[in-house]
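Structure first, then comments.
Quick note: numbers below take in every heavy atom, side chains included, and nothing from hydrogens, waters or symmetry partners. Worth saying up front: this structure is predicted, and the values here are computed from it rather than measured.
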Amino acid sequence: MASANNRTDYEIGRDNVEFLGLEVHKPVFFVSSLTIIAFVVGVLAFRDAAAGVFDSLYAWLVSTFDWVFMGTLNILLLFCLLLLVTPVGRVRLGGPDARPDYSIWSWFAMLFAAGIGIGLMFYGVAEPVQHFLSPPLGVDPADTAAARNVAMAATIFHWGIQPWALYAVVALALAFSAYNLRLPLTIRAAFHPLLGKAVWGRFGHVIDIMAVFATLFGLATSLGLGSQQLAAGLAHLFGVPDTDATRVLVIAVVTFIATVSVVSGMDRGIKRLSQANLVLALMLLAFVLAVGPTLDVFAGFVGSIGHYLAQIGPLSNWVGRDDLDFLHGWTTFFWAWWISWAPFVGLFIARVSRGRTVRQLVGCMLVVPVLLSALWFNAFGATALSMHIDGGQTAVVDAVAVGRLELGLFGLLEALPLGAITSGIAIVLVAVFFITSSDSGSLVIDTITAGGKMDTPVGLRVFWCTFEGLVAITLLVSGGLVALQTAALITGFPFALLVLLMCISVWKGLRAAARPD
């Protein structure tokens, strides 16, 4: 094993070459970029055929491999609990003398904005309402109280400790290999304790290429959802036609802004945008808490955590389920989507987590984002349900019932005071979450395709930021939501298997680091 002061078998940039004035990792960059270019050209050239392929692939993947996604997330949660209670939790990322590069506030703001921002905005109202209308686990929708309880439990389940355990494992493995073993900040380096020098050969190239695909298509899924919500918000406030053309224009504009942000770098661009967006998100959350049924929301928050913990077992099981629409259409997709985001979010969190201990990193990621997510869904989703159940206001429920999930947030804000102002703030929030996800993802792909270099050239950042937008546009116009979901499933499946191997690798490395000299 490489020590903290000695890089024994690899030098960053060893396999890099100059291409059009850019320094890139030869196998990873060329295979990734050429494959993605071919995908964009092929799908746009055969849009109708591509839409049919996406539909068929989606149905096959969710029904055939649900057990892979469900089982993987369950194992990762158990592994994180093991990390918290064993001596390896004391290991500090960067060595015993390392100190954090970012304050707790800055660190959490970047983690929040990159990891869950667009999802909370898109599903904050829509998901609880959808699960209320069609409850999972065989609950009778006519039983209002039971349907509401299971709706909140199922929603928190999809944003709870299992997906954050996934992020924690990937972030920990990458941070340990980069800061303790002094290896490049690439996905392959996380397997060094397990595979040794073999990670610098063909197997490592395949790992990094899979990570690029997962990151790009996972981001494209989120950008597609974000564009749908932005277009719906613009139509709601300003009467702009909610069409594919509007959504494409939204992606193009936001991609341009994200490119400007990513060129400015981590500290000036992403850090400031993330902090500003967290402030805006907390302000919107505080407003809804203040003008909505405040006491009911806080009481519901505590209760929903209890219902979530009580139902986590049945919701985590995939055997003998009758609610297959929920299992496949929601949980399997969500788990694949989270897995496809894992290389991006994990590597991004690793970049900003030097100086944290294993226990700090894992503990924070299992507790703080989950509690904030639960509060968010109770403030927005439970408020919408209360307004529907107690006051008969059905606008939000009607929109979700016909599949217009992107209208849920704006329907709720319209029913509250200052609806026009808060809807405008919501549009800004979605846009900035959109931007921070895109520029954070671009920095991650830059690092992977530059052989682990963090000071990647501006041109490479622009290239990947542009192609994130192009892939999102391609999926959106060729198959809509199903195409976006299929992309997440296809790229998430192979990476799920890699993450399980990553657990073995990081455990081996941490045990060696925790041993007294």
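Using a 3.5 Å distance cut-off with no hydrogens or angles, the side chains of S505 and H192 do not pair a donor with an acceptor. Side-chain contact annotation: W330 with Q130, donor-acceptor N/O pair under 3.5 Å absent.
Taking all atoms of both residues into account, the shortest heavy-atom contact from L181 to S177 is CB-O, 3.3 Å. Considering all non-hydrogen atoms of both residues, V212 and I448 come closest at CG2-CG2, 3.7 Å. Shown here for P163 and F157, the closest heavy-atom pair between the two residues is CD-O, 4.2 Å. Looking at every heavy atom in both residues, C80 comes nearest to A165 through SG-O, 3.5 Å. Of all heavy-atom pairs between L223 and A472, the closest is CB-CB, 3.9 Å. Heavy atoms only, all atoms of each residue included: A126 and L405 are closest at CB-O, 3.5 Å.
Taking CG of L219 as the start and OG1 of T491 as the end, the distance is 10.0 Å to the nearest 0.5 Å. Distance CG/L429 to CG/L284: 6.0 Å, rounded to 0.5 Å. Note that the CD atom of E127 and the CZ atom of F334 stand 4.0 Å from one another [nearest 0.5 Å]. Here the CG-OG1 distance, from L57 to T64, works out to 10.5 Å after rounding to the nearest 0.5 Å. Here N378 contributes atom CG and I156 contributes atom CD1; the two are 5.5 Å apart, rounded to the nearest 0.5 Å. The CG atom of L61 sits 11.0 Å away from atom NE2 of H328, with the distance rounded to the nearest 0.5 Å.
Judged as a salt bridge (charged side-chain N to carboxylate O under 4.0 Å, His left out), the pairs with a partner in residues 202-226 (not counting sequence neighbours) are, in order, R188-D208.
Judged by distance alone, with hydrogens and angles left aside, the side-chain atoms of D446 form no donor-acceptor pair with the main-chain N or O of W464 at under 3.5 Å. Not one N or O on the side chain of H307 forms a donor-acceptor pair closer than 3.5 Å with the backbone of A153. At least one donor-acceptor pair closer than 3.5 Å links the side chain of S340 to the backbone N or O of W337. A donor-acceptor pair is defined here as one N or O able to donate and one able to accept, closer than 3.5 Å; no such pair exists between the side chain of R359 and the backbone of V85. T449 places no side-chain N or O within donor-acceptor distance of the main-chain N or O of V28, the cut-off being under 3.5 Å. Q229 contributes a side-chain N or O that, together with a main-chain N or O of M121, makes up a donor-acceptor pair within less than 3.5 Å. A donor-acceptor pair under 3.5 Å is formed between the side chain of Y179 and the backbone N or O of R351. In terms of modelled atom types and a separation under 3.5 Å, the side chain of W318 and the main chain of L315 share no donor-acceptor contact. Formation of a donor-acceptor pair under 3.5 Å by the R321 side chain with backbone atoms of P314 is found in this model. A donor-acceptor pair is defined here as one N or O able to donate and one able to accept, closer than 3.5 Å; such a pair exists between the side chain of T486 and the backbone of F54.
For the pair H131 and V150, the minimum side-chain heavy-atom distance is 4.5 Å or more. I207 places none of its side-chain heavy atoms less than 4.5 Å from the side chain of V199. The shortest side-chain heavy-atom distance between F380 and L120 does not fall under the 4.5 Å cut-off. In this structure, the side chains of I445 and E468 come closer than 4.5 Å at one or more pairs of heavy atoms. No side-chain heavy atom of W341 sits less than 4.5 Å from a side-chain heavy atom of T221. Looking at L285 and L372, their side chains come closer than 4.5 Å, going by heavy atoms from C-beta outward. Residues F301 and M152 are not in side-chain contact: their nearest non-hydrogen atoms beyond the backbone lie 4.5 Å or more apart. Between L475 and V43, every side-chain heavy-atom pair lies at or beyond the 4.5 Å cut-off.
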Trace of the side-chain contact (heavy atoms from CB on, under 4.5 Å) decision for F495 with L166:
CA-CA 11 Å; F495 202 79; L166 163 71; 6.0 Å; no
Apply the test side-chain contact (heavy atoms from CB on, under 4.5 Å) to residues F69 and I339: give CA-CA distance (whole Å), side-chain angles for both, the deciding distance (0.1 Å), then the verdict.
CA-CA 8 Å; F69 297 110; I339 290 170; 3.7 Å; yes
In sequence, state the C-alpha distance, the side-chain angles, and the governing distance for L498 and M502, and then conclude on side-chain contact (heavy atoms from CB on, under 4.5 Å).
CA-CA 6 Å; L498 286 180; M502 197 178 287; 5.6 Å; no
Mind running side-chain contact (heavy atoms from CB on, under 4.5 Å) on L93 and Q360 for me, showing each step along the way?
CA-CA 10 Å; L93 301 173; Q360 285 173 344; over 6 Å; no
Under the criterion ring-ring contact (aromatic ring centres under 6.0 Å, His included), I'd like the reasoning laid out for F39 against F217: C-alpha separation, chi angles, the key distance, then a yes or no.
CA-CA 11 Å; F39 170 83; F217 286 98; 5.1 Å; yes
Set out, in order, the CA-CA distance, both residues' side-chain angles and the distance that settles ring-ring contact (aromatic ring centres under 6.0 Å, His included) for W338 and Y167, then state yes or no.
CA-CA 8 Å; W338 282 87; Y167 282 175; 5.1 Å; yes
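Ring geometry for F467 versus F463: interplanar angle of 30 to 60°, hence tilted. Between F65 and W60, the ring planes are perpendicular. Angles over 60° get that label, and only those under 30° would be called parallel.
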